[in-house]
> 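Below you'll find the structure I mean.
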Amino acid sequence: MYRTHFIPLFTLVHTSVVLAATVTYNWEVTWVWAAPDGFGRPVIGINNSWPCPIIEASVGDTVVVNLLNKLGNETTGMHFHGINQINTNAMDGSVGSSQCPLPPNYSITYSFTADEAGTYWYHSHNMGQYPDGFRGPLIIHNPQDPYLDDYDADMILTVSDWYHDQSQTLVSKMLQPNNTRFEPPRPESALVNEGSDGHIPIDPGKTYRIRIINFSALTAAFVVFNALQMHIIMADGTYVRKEAANQLRVVAAQRYDVLLTIGDNGLQNYPFLVALDTNEDYTSKNASPSVAYHTNFTGQLVNDPKGNLKAKSVVEEFFPADDSLLIPFDEQPAFGPVVKQWVLNFDYCRDANGYPRACFNDTTFIDQKVPTLYSVVSLGDNNTEVAAYGQVGAFTIGYNEVLEIVINNHDTGIHPFHLHGHQFQIIERPKSNAGNWTGTRLIPATPVRRDTVAVFAKSYAVLRITANNPGVFLLHCHIEWHVEMGLSATLIEAPERLMNYKIPQDFIDICEVQGIPTEGNAGGNDLWYNTEGFVTINPTSYVGALYYDDSSSSTPTSTSTLSSTSTKTAPRPTKTTSPSSQKQRHKRIGNLLE
Ligand SMILES: [Cu+2]
């Protein structure tokens, strides 16, 4: 199971001498057998082990990941969520956008500066692979953390939905013409720290910095520490003025750093609730409670291991803190004046073959022949022409111009929208049913910044960035199933500054071995307006990472890619539900509300 990591503080004495280091990870991406909720299945791990390890660095360090794909049967790639990749856009890891897929038995080296402290995570940005397990925490420590004196210990709390089928199977079923309601796959269970135990040792009288990360493919996580009050100190990669909160809604891919003080009451355990919600504001009207609320999880902060470990965390009413009201620690004012506005209307849609898709402005995102960044760096002066990039929803902005992004969500669910390369300002983010944006009236003096925002049902969000990070950055829903439905668009930021940007040779090499052109427009043509080879029709079959299980073999060890240690503890897959002990931990919100 995923361990809770108590990271020793570097020092309690602030020091001004900081030596930058290089932290290097040599990783092989491998299939691993695991049973985090009691149900054995193949997952994507690192160096034959799962959960995937933590990446840790200090501000100013260089992080290097030498990534070798040992999946054998599938390509991969690695994105560092929340890292802005200033001057290192080629390291963003967005397959199809900033790089070619990494083929089996090839390696590439990701290298970037850990420039902003905070709680981040890494995950595959290729073919729905992170719900299959390829994800982990990425922590950038700050020896000069403004809250360093306010806590005694540091820990990570990851929450996630979890599926018993692999992504390829789930997405193939979802992308069928008979899916007329655009239903995403529904998870089987909830994981905390990549396991189903949820017992976290703590000491009385101490204050913990808890780094909450939502790894989910679909669900928002509602987090409550029962009687203990949280104090938010960070939202995604942004320090905020300390703000008390009793309940948090953490949508997929978001992070919160909170301080939690344990009373000095001697031996006592503290239950906490992680309730996964299918982004329907906990009020799913059409789904039965068993569908909507079966993934509740009660964990325990434990300092009395022999005491009561079965107490429930009871929530009477859901009233999560409003993150749009947080104030950034640096009190940076709203960016302005706005030079360009990018309006994105999200609707579900159908492709030419009647398959369910998700659209921005009536267009679904389709991967092109040439990764967009490689087109941008090779088209010279013509790289400002959005028509050169094919069906990737390209939008350009000049260097240092202020961009306002408006997302109108026409769906009845909440969607977590993420922009690569920036911590954007949230100018406005009203409640559900506010309708389309009709013009902002009130601009907050010091808007909060983060990299993933919950856009509520039938409502909108207004975001701003200053375009000071030349590069190609995806803007997409972080529900992984919606990415696979095409709910992405592409921000091409300061293309005039990318004409001489050098793509590292190992990244070029992996394209060439797969016959993928690395120059020209979306179709690999020298003339930017030549649309030959553009991909304009979605494929009707879905290709994804799928572990090849030789079911004719009687023992798992006959399959060489399985980890022998994990096969001893994890049962082979059977079409049964999770163990009853697991079910008991899933307290239904429906019950709690009664
Ligand atoms: Cu979505």
Side-chain angles (χ1 to χ4, degrees), residues 84-101 125 338-344 359-405 419-422 465-476 486 488-512 514-538:
N84 295 333
Q85 301 290 3
I86 294 164
N87 300 320
T88 50
N89 189 215
M91 303 297 161
D92 190 53
S94 303
V95 169
S97 183
S98 67
Q99 70 163 85
C100 292
H125 215 298
V338 172
V339 175
K340 262 182 147 178
Q341 197 183 46
W342 190 17
V343 180
L344 292 157
C359 279
F360 278 132
N361 303 339
D362 300 320
T363 303
T364 192
F365 182 102
I366 309 179
D367 276 327
Q368 300 299 305
K369 248 189 198 174
V370 180
T372 309
L373 173 63
Y374 297 6
S375 293
V376 170
V377 301
S378 64
L379 285 175
D381 285 349
N382 295 315
N383 70 2
T384 54
E385 302 285 351
V386 292
Y389 301 106
Q391 203 167 320
V392 297
F395 186 94
T396 62
I397 181 92
Y399 186 70
N400 255 345
E401 292 179 340
V402 172
L403 172 66
E404 185 167 85
I405 303 168
L419 174 65
H420 293 212
H422 286 272
I465 61 163
T466 298
N468 54 9
N469 186 14
V472 172
F473 297 110
L474 290 175
L475 187 159
H476 62 91
S488 297
T490 305
L491 177 64
I492 299 175
E493 184 171 340
E496 72 278 13
R497 296 206 170 202
L498 289 165
M499 284 184 248
N500 297 313
Y501 183 74
K502 180 104 177 71
I503 307 295
Q505 190 59 42
D506 53 343
F507 282 74
I508 296 291
D509 291 345
I510 60 164
C511 302
E512 287 176 353
Q514 298 172 95
I516 300 173
T518 56
E519 290 181 353
N521 68 6
N525 310 304
D526 292 341
L527 288 175
W528 69 267
Y529 50 83
N530 178 359
T531 58
E532 194 183 332
F534 280 26
V535 187
T536 56
I537 296 177
N538 294 86

> With Phe534, which residues qualify under ring pair (Phe, Tyr, Trp, His ring centres under 6.0 Å), at least two apart?
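Phe534 satisfies ring pair (Phe, Tyr, Trp, His ring centres under 6.0 Å) with no other residue.
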> Within the distance-only criterion (no hydrogens, no angle test), does the side chain of Asn530 pair as donor or acceptor with the backbone N or O of Asn525 below 3.5 angstrom?
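No, the answer is negative, given that no donor and acceptor are paired below the 3.5 Å cut-off.
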> For the CD1 atom on Ile537, are there more than 12 heavy atoms of other groups (residues, nucleotides or ligands in this structure) within a distance under 6.0 Å?
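No - once you tally the heavy atoms of other residues, nucleotides and ligands closer than 6.0 Å, there are 12 at most.
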> Using a cut-off of 6.0 Å, state whether more than 12 heavy atoms not belonging to Glu532 lie near its atom CD.
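Atom CD in Glu532 is not crowded, with 12 or fewer foreign heavy atoms closer than 6.0 Å.
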> Nearest 0.5 Å please: distance from the NZ atom of Lys369 over to the OG1 atom of Thr518.
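If I round to the nearest 0.5 Å, the distance is 12.5 Å.
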> Taking the side chain as every heavy atom from C-beta outward, state whether His476 and His420 have any pair of such atoms under 4.5 Å apart.
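SC-SC contact between His476 and His420 confirmed.
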> Please evaluate residues Asn361 and Thr363 with respect to the criterion side-chain hydrogen bond (donor to acceptor under 3.5 Å, both in side chains), reporting the C-alpha separation (whole Å), side-chain torsions for both, the decisive distance (0.1 Å), and the verdict.
CA-CA 6 Å; Asn361 303 339; Thr363 303; over 6 Å; no
> Suppose we screen for ring pair (Phe, Tyr, Trp, His ring centres under 6.0 Å). Which residues come up paired with Tyr501, at least two apart in sequence or across chains?
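Once residues adjacent in sequence are excluded, Tyr501 has no partner under the ring pair (Phe, Tyr, Trp, His ring centres under 6.0 Å) criterion.
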> Is the number of heavy atoms from other residues, nucleotides or ligands under 6.0 Å of Asn87 CG greater than 12?
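12 or below, so no.
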> Are the side chain of Asn521 and the backbone of Asp526 linked by a donor-acceptor contact shorter than 3.5 Å?
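No: the side chain of Asn521 does not pair with the backbone of Asp526.
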> Closer than 3.5 angstrom, by distance alone: can the side chain of Asn383 be matched with the main-chain N or O of Val376 as a donor-acceptor pair?
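Yes, the answer is positive, given that a donor and an acceptor are paired below the 3.5 Å cut-off.
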> Keeping the roles fixed (side chain from Gln368, backbone from Gly390), state whether a donor-acceptor pair exists under 3.5 Å.
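No; zero donor-acceptor contacts below 3.5 Å.
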> Looking at CZ of Phe360 and OG of Ser488, how far apart are the two atoms once the value is rounded to the nearest 0.5 Å?
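Reported to 0.5 Å precision, the distance equals 7.0 Å.
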> Assess Lys340 against Phe395: is NZ or CZ under 6.0 Å from the centre of the six-membered ring, and within 45 degrees of the ring's axis?
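Judged by the rule, Lys340 and Phe395 form a cation-pi pair.
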> Can you sort out the partners of Glu404 under salt bridge (Lys or Arg N to Asp or Glu O under 4.0 Å), two or more places apart, ordered by chain and number?
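Checked Glu404 against salt bridge (Lys or Arg N to Asp or Glu O under 4.0 Å); matches are Arg464.
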> Could you tell me whether the side chain of Glu512 and the main chain of Asp509 form a donor-acceptor pair under 3.5 Å?
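It does not hold such a pair.
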